[in-house]
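These notes concern the structure reproduced below.
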Amino acid sequence: MNDEKGSEACILLKKVSKAFAAITDEIQGDAYTALDQPEKAEQAYKSAITALPVTSPYRRYLQLKEANIGVVP
């Protein structure tokens, strides 16, 4: 993903319904990771984790994405 596409993705994702918060925050985290903006990626991943039920196994997957950018659980 180039910088232009990553920036476009971040803008578009802000317009999506909050009903899809977990998935849009995850994708936004991916876009920020591609843009080499780990602080913003971390915030997006944390927001995605928070949007999921505590019992969701998908939370662990998002924690792995955080670890990939250097966030210690």
From CD1 (I23) to CD (Q28), nearest 0.5 Å: 12.0 Å
Are side-chain heavy atoms of L52 and L62 found at a separation under 4.5 Å? yes
Check A21 against A51 and note the closest heavy-atom contact, atom names and distance. CB-CB, 4.1 Å
A22 and A48: which non-hydrogen atoms are nearest, and at how many Å? O-CB, 3.4 Å
Going from CD on Q43 to CD on E39, what distance comes out if it is rounded to the nearest 0.5 angstrom? 8.5 Å
So which atom in I69 and which in P38 form the shortest heavy-atom distance, rounded to 0.1 Å? CD1-O, 3.6 Å
Determine the minimum heavy-atom distance between R59 and P53, stating which atoms define it. CD-O, 3.1 Å
Quick check: do I49 and E66 have side-chain heavy atoms less than 4.5 Å from each other? yes
Between Y58 and E26, is there a side-chain donor-acceptor contact under 3.5 Å, judged purely by atom types and distance? yes
Using side-chain heavy atoms (C-beta onward) and a distance below 4.5 Å, is K40 in contact with L35? no
Could you pull out all residues at least two apart from T24 that satisfy side-chain contact (heavy atoms from CB on, under 4.5 Å)? L13, V16, F20
Per side-chain hydrogen bond (donor to acceptor under 3.5 Å, both in side chains), Y45 is matched among D30, T50, N68 by D30
